[in-house]
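A short write-up of the structure that comes next.
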Amino acid sequence: MERTGPPARFTGILAVCSAALMAAAGLVATAPAAQAADTDLARNGGFEAGLDGWTCSGGSGAVVSSPVHGGAKALKATPAGSDNARCSQTVTVKPDSAYTLEAFVQGGYVYLGASGTGTTDVSTWTQSAGSYTKLGTSFRTGPSTTSVTVYTHGWYGTPAYHVDDLSLVGPGGAPATVPAAPGGLRAGSPTSSSVPLNWTASAGATGYHVYRDGAKVLSVSGTSATVTGLAASTAYSFQVSAVNEAGESPKSAAVSATTTQGGGGGGSGDLPAHALVGYLHSSFANGSGYTRMADVPDSWDVINLAFGEPTSVTSGDIRFSLCPVAECPGVETEAEFKAAIKAKQAAGKKVLISIGGQNGQVQLNSTAARDTFVSSVSRIIDTYGLDGLDIDFEGHSLSLNTGDTDFRSPTTPVIVNLISAVKTLKAKYGDDFVLTMAPETFFVQLGYQYYGSGPWGGQDPRAGAYLPVIHALRDDLTLLHVQDYNSGSIMGLDNQYHSMGGADFHIAMTDMLLTGFPVAGDRTKVFPALRPEQVAIGLPASTQAGNGHTSPAEVTKALNCLTKKTDCGSYQTHGTWPALRGLMTWSINWDRFNNWEFSKNFDAYFGN
């Protein structure tokens, strides 16, 4: 799978500017002489107490023991996507007073600055510091300024930078006091899985904590937030508190809100609490051998028929037929196939048509292709009496046009038309319609770093391209089972790269879906968490089935971590989800070839 480099860095522009800026201002700006009463006002500027006192955007900051300038610890912050890894602290100061800001930094494109000074905000930077280098600047506060924010940050798409021994020297201001509880807390219009909140600012607050039913679920800097990952048709109580360097206020008065219906996804009520999903090679043969529908064991709760494919990439005309006898000598007749489907359904199983696959590129560029897609998929569903649809668009089926930058309101025709087509199918077949999706990590979790061609162009336009589809259909979605295989390394919410083949990859990738994440690092564009009942983990059934095979022991570790918070290894999840729906595999045929190792492990774990 192709990967692209980081966003354009404007390195040429920065290199030119750096020479002029450094010549004009010097790497360390001249500062007024400190007075006898001046003190270092920065809290934990040596990071010996971890990140105490500091806030880093997008979870980008961490404390490390090497390299350090002084003491035993230093800050390491890693830019990701459109997040420049800004770490900041608000400090109480005295009006109309002089201050000197200094720090030792290491890395490429490291910035040091102060904002909210009441006069002229200041910053300085270095283009490249191979070892710890001193940066410094100075400013004077305005006549009514009582606090300033000091910060460091890197540059988009560049490696991590380090900071140590940061100081802000000058006269101390009046001690900060704990802010009052926020007022005016109100809930907006809920969805089936989220509730928007807003409130009135509290004087002196630098941030706010959001509580759901008494438990803290979010920390934000502004006066609004959206709580996600909620259950449908459920009442919740919310409160907010204000915080600053002096502490946390009492909680606000509570406000209640009830989520709407429909969050469970189509057809999910008929699935067992923990389901096993598999693909059945019904239309082709490969080295795994042909498996008849009637021979699929009862372990499999959802059977996806692979594959419905288009007559051409842009036609929208999807066709499905059984594997020819010449290719699959053991294939059943169409009548036997239909009878076996009915028998599976009578036993409580779901049988879906899966559209796409590796070879089935589908691009609904026009409304005509969209309408043909709806009619042709309906014909397949009706012909075989199927329960719904699996979207397995791969390759170049989905990509984002330049300028389409917000997953919440897509404008690219192939995205908009697919969403419209699926909504039409859902409306036609009703609440029992089962909708599943099997995107690759490139189209989903990679969206944490990159989305489409990016703010400056040049990125792969397919990056994160499934996100608008998943988001628009989340209330109709039965299951999302991302393919945690045939994947490159992907950055998780810990801002570390994770590689397929072991429990860690599945833990990190699934945690992203169940926690939510800012798309391309933009905290104003957060992909909301899915409900655990909507999520299954996708894996290859054997080493022959795909790159990234995970042994049964590692699969068990991943399930333990996500559902019980045990066996987690180094990755720390953002929750525990015993309602995680289950596992998906490519494929039933390969599992049979491998003596049913995958399904036997699933049955043993969930007691089937």
Side-chain angles (χ1 to χ4, degrees), residues 267 270-272 275-309 318-360 376-377 379-392 434 436 438 478-479 481 483 536 538-546 549 582-604 608:
D270 294 334
L271 289 178
L276 181 62
V277 182
Y279 287 78
L280 184 67
H281 310 176
S282 300
S283 64
F284 64 94
N286 63 14
S288 63
Y290 187 80
T291 300
R292 296 163 61 98
M293 173 65 72
D295 294 333
V296 175
D298 288 341
S299 298
W300 303 92
D301 301 296
V302 180
I303 303 167
N304 292 327
L305 305 181
F307 287 105
E309 298 182 3
I318 308 300
R319 304 294 178 90
F320 171 79
S321 60
L322 288 176
C323 184
V325 175
E327 186 178 345
C328 303
V331 64
E332 63 266 63
T333 66
E334 189 162 294
E336 290 171 332
F337 186 68
K338 291 178 180 178
I341 290 173
K342 288 184 178 179
K344 290 295 179 188
Q345 293 167 330
K349 312 303 180 182
K350 303 294 183 182
V351 184
L352 317 180
I353 180 64
S354 180
I355 307 297
Q358 181 178 355
N359 298 324
S376 60
V377 171
R379 191 177 306 114
I380 295 169
I381 291 173
D382 295 342
T383 297
Y384 294 95
L386 305 179
D387 296 289
L389 169 67
D390 173 68
I391 301 173
D392 186 16
V434 178
T436 66
T478 309
L479 276 176
H481 31 64
Q483 300 177 34
L539 311 98
S542 67
T543 56
Q544 302 96 327
H549 174 255
L583 303 179
M584 173 276 280
T585 192
W586 177 264
S587 65
I588 295 172
N589 303 61
W590 280 117
D591 193 37
R592 180 184 184 183
F593 184 87
N594 202 36
N595 195 32
W596 305 113
E597 179 184 78
F598 188 90
S599 52
K600 286 178 180 177
N601 187 58
F602 176 90
D603 289 344
N608 294 346

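Computed from heavy atoms alone, side chains included, the values below leave out hydrogens, waters and symmetry copies.
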Exercise. Is there side-chain contact between Y290 and P329, with heavy atoms separated by less than 4.5 Å?
Worked result: no

For this session: Report the distance from atom CG of L276 to atom OG of S299, rounding to the nearest 0.5 Å.
Result: 6.5 Å

Exercise. Judged by atom type as modelled, is there a donor-acceptor pair below 3.5 Å linking the side chain of E332 to the main-chain atoms of R292?
Worked result: no

Problem set entry | Test side-chain contact (heavy atoms from CB on, under 4.5 Å) applied to T543 and W590, step by step | CA-CA 9 Å; T543 56; W590 280 117; over 6 Å; no

Exercise. Under a 4.5 Å cut-off applied to non-hydrogen side-chain atoms, are K600 and N595 in contact?
Worked result: yes

Seminar exercise, completed: d(F284 CZ, L322 CG) to nearest 0.5 Å is 12.5 Å

Exercise. Hey, are the side chains of M584 and T436 touching, using non-hydrogen atoms and a 4.5 Å cut-off?
Worked result: no

Problem set entry | Nearest non-hydrogen partners of K350 and D387, listed with the distance | CA-OD2, 3.4 Å

Exercise. Counting only N and O atoms by type, is there a donor-acceptor contact under 3.5 Å from the side chain of N589 to the main-chain atoms of S288?
Worked result: no

Exercise. Between Y279 and I588, does a side-chain contact (heavy atoms from CB on, under 4.5 Å) hold up when you go through it step by step?
Worked result: CA-CA 6 Å; Y279 287 78; I588 295 172; 6.0 Å; no

For this session: Let me see the working for S542 and F598 under side-chain contact (heavy atoms from CB on, under 4.5 Å), right down to the final yes or no.
Result: CA-CA 8 Å; S542 67; F598 188 90; over 6 Å; no

Seminar exercise, completed: Residues L305 and I353: closest non-hydrogen pair is O-CD1, 3.8 Å

For this session: Would you sort out whether I355 and I391 count as a side-chain contact (heavy atoms from CB on, under 4.5 Å), showing the intermediate values?
Result: CA-CA 5 Å; I355 307 297; I391 301 173; 5.9 Å; no

Problem set entry | Spatial distance of atom CG (N304) from atom OG1 (T585) [nearest 0.5 Å] | 11.5 Å

For this session: Please report the shortest heavy-atom distance between S283 and P324, naming the atom on each side.
Result: O-CD, 4.4 Å

For this session: Look up atom CG in L352 and atom CG in L386, then write down how far apart they are to the nearest 0.5 Å.
Result: 7.5 Å

Exercise. Are side-chain N/O atoms of Y384 and E334 paired as donor and acceptor at under 3.5 Å?
Worked result: yes

For this session: Starting at CH2 of W586, measure out to NE2 of H481 and round the result to the nearest 0.5 Å.
Result: 12.5 Å

Problem set entry | Any donor-acceptor N/O pair, D301 side chain to V277 backbone, under 3.5 Å | no

Exercise. Do you know which two heavy atoms are closest between D298 and K349, and how far apart they sit?
Worked result: O-NZ, 2.7 Å

Problem set entry | Heavy-atom pair of closest approach, residues S354 and D392 | OG-CB, 3.6 Å

Exercise. At their closest point, which heavy atom of A340 faces which heavy atom of M293, and how far apart are they?
Worked result: CB-CG, 3.4 Å

Problem set entry | Ring-ring centroid check F320 F307, cutoff 6.0 Å | no

For this session: Give a yes-or-no answer on whether the side chains of S587 and H281 include a donor-acceptor pair shorter than 3.5 Å.
Result: yes

Problem set entry | Approximate separation, where rounding is to 0.5 Å, of L479 CG and D390 CG | 9.5 Å

For this session: Any pair with a residue in residues 326-356 that passes disulfide (SG to SG under 2.5 Å), sequence neighbours left out, goes on the list, sorted by first then second residue, please.
Result: C323-C328

